[in-house]
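First up is the structure itself, then whatever we jot down about it.
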Amino acid sequence: MQQRSIEFGVGLFLILGLLSLLFIAFDASELDYSEGQNMVQVSADFDNIAGLRVRAPVRIAGVRVGEVTGIQLDQHSYRAHVVLKIIQQLYHIPVDSEARILTEGLLGAKYVSIIPGLSERFLKAEGSIQRTASVMVLENLIGKLIFNMNKK
Amino acid sequence: MNAVTAIVAFGQWGIIVMCGCGQSVLFLEKFIRRSILNRCRWRDVFAQVYLLGTHSLPVILVAGGFIGMVVALQGFHTLQKFGAEAQLSQLLALSVFRELGPVMTALLYVGRAGSALTAEIGLMQVTEQIPAMEVMAIDPLRRVIFPRYLSGVISVPILTLIFDAVALWGGYYIAVIWLGLDVGTFWSNMKASVLFNTDVLNGLYKSFIFGLVVNWLALYHGYTAIPTAAGVGLATTRTVVISSLLILMLDFMMTAFMLGV
Amino acid sequence: MLSKRNFIIVLFGLSSLVFAAVSPVVLLDQTAIRLIKQLKQHRQQLKQKPELLVKIVNKILIPRINQDKMAQYVVGRTHWRQATAQQRSDFLRYFTRVVISTYAEALHSYSDQKISFAPIRGRLSDLSVVNVHSEIEPMDGPVINVVYQMLREKGTWKIIDFSVDGVSLVQSYRSQFADVLLRGGMVALLKELRARQAE
């Protein structure tokens, strides 16, 4: 009798644990897909990347296709050399595409948005996105606005 | 007491602490070495999982539920000031998975199961069951200590998982049903911001380490308790205090390591 | 007959000319100088007939702009490909007018402000697109930052976008037109532009 209740108790315990694990894995968190898949590396040079961090997402049309894996200063051009890794299957970036750094919402994190260009030729691995736009620095715009308001 | 006596007393205390640490490590090494390569009495292990794990369930379920509810409530009132209520589920999930889950589960486990372990082993010492086993050529470390250790180490992460899940549901209850946040936003924001490989797994690694340390200390203090009623009481207190402090220290160290100091 | 030494000197001289001509900063600088000269010369006429500004911009600035590419980038890949040749040239016409009037309006309030261009650092030969930063210093108030994005083609550089204080022209119009394009494609966009220009 005691053996039965022990077995039941342990079984219950393990089942609860398993259910919790499944619930957490599937309903409460996202498995990190990008780790498994083949990633292609491209780069883009920006004049200003203020606030962009490594691991920030890269999006095309709002859909996450990869992430930022490296940010370095190019010593010769004084621009920020940003390395992006894109998921292989989603990788069709025309050579004349544009890379911009946008903010999620108003105060959110920065991410890289790629706007596809019109070329028929696509970037090869290790290629570089030539057209880039810098981060819009909110404080500068606010400063200008305040100045203009005061002027009037 | 003048200064010299005080310093001497302090030194003596330091030496005692050092010896205690060394002894506990030797104890760990001894019972693991003796048990790990031999056949395991699974019936004993299961029995212990029942006593340590299943019997801790009520505490874990209730605590998990309330912690989830409190975090949701507090978080909501602060986030509301920034208009960021939608981030509540992210706040809740990350707090629970990374810190509250492993640490609270371990602390509650110490209080419930750790003290019970120490008391049980200590009582065995008082009633001379352990010396009796040695006389009968049964190794008490293999027969008594190791199954309890193994079950304890298995139980702690499982309890953490259950705590995590219950806390999330508690938070859901407050956020969606009480405070009126949108149910779809709640779960999808959570899903989008929690990474299983890092956030959840790191929490589980922490709880595994806590399990290793807490069960070891509980068994050690019980085994080396002064075989009197008062001695057992003292040992139990020691288990709870030292384990709790170690949990918090280790938590800080592991968090710093995981976040890449 | 050139001696060997003189020949080499001439060669170097010519090549430095070539390099100078190929630098986007120099091209922009020359354009700005010509523009300012025209504005100063015709200051009186401009006060009476501001429409002349459009002519000046057309003559001096437009040749430096790659209107085709600019229009394509504003409309976007899907819609440009689906558009017929007629639609494309119609859009190009309207869009060019928009760019001219934008610039003309900016120049309307020009009064001897200083315009300076920042040099390009690093190896120019690697790049096919450059961002040239310039500053306009008004009499009072903060400096205005204008960035010209230029595309290398056939030995020269042409403007494909410019941003004032971080706000890009191409991006602004792209956002403006995106809605219309989404609902009714190029047809709807051309209709809307026609209506706008009629006002």
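Each chain gets a letter, A, B and so on, in the order its sequence line appears, and its residues count up from 1.
Using a 4.5 Å cut-off on side-chain heavy atoms (C-beta onward), Phe13(A) and Ser155(B) make contact.
With a threshold of 4.5 angstrom between heavy atoms, Phe82(B) does not approach chain A through any atom at all. For a residue to count as touching a neighbouring chain, one of its non-hydrogen atoms must lie under 4.5 Å from one of that chain's; by this rule Phe8(A) does not touch chain B. Using a 4.5 Å cut-off between heavy atoms, Ile162(B) contacts chain A through both its backbone and its side chain. Contacts of Ala47(B) with chain A are made by both backbone and side-chain atoms, with heavy-atom separations under 4.5 Å.
In Phe66(B), the CZ atom is not crowded: 12 or fewer heavy atoms of neighbouring residues, nucleotides or ligands sit closer than 6.0 Å. The number of heavy atoms from other shown groups lying within 6.0 Å of CD (Gln129(B)) is above 12.
Most heavy-atom pairs under 4.5 Å with chain B, from the set Leu21(A), Leu19(A), Leu18(A): that is Leu21(A). Your options are Phe163(B), Trp187(B), Phe97(B), and the one with the most heavy-atom pairs under 4.5 Å with chain A is Phe97(B).
Taking each heavy atom of Leu161(B) and Ser20(A) in turn, the nearest pair found is O-CB, 3.4 Å. Taking every heavy atom of both residues into account, Phe23(A) and Ala165(B) meet most closely at CD2-CB, 3.9 Å. Of all the heavy atoms in Leu195(B) and Arg55(A), the pair that sits closest is CD1-NH2, 4.2 Å.
Of the inter-residue distances, the one linking Leu12(A) atom CG with Tyr50(B) atom OH reads 9.5 Å to the nearest 0.5 angstrom. Separation of atoms CG (Asp199(B)) and CD1 (Ile24(A)) is listed at 11.5 Å; rounding is to 0.5 Å.
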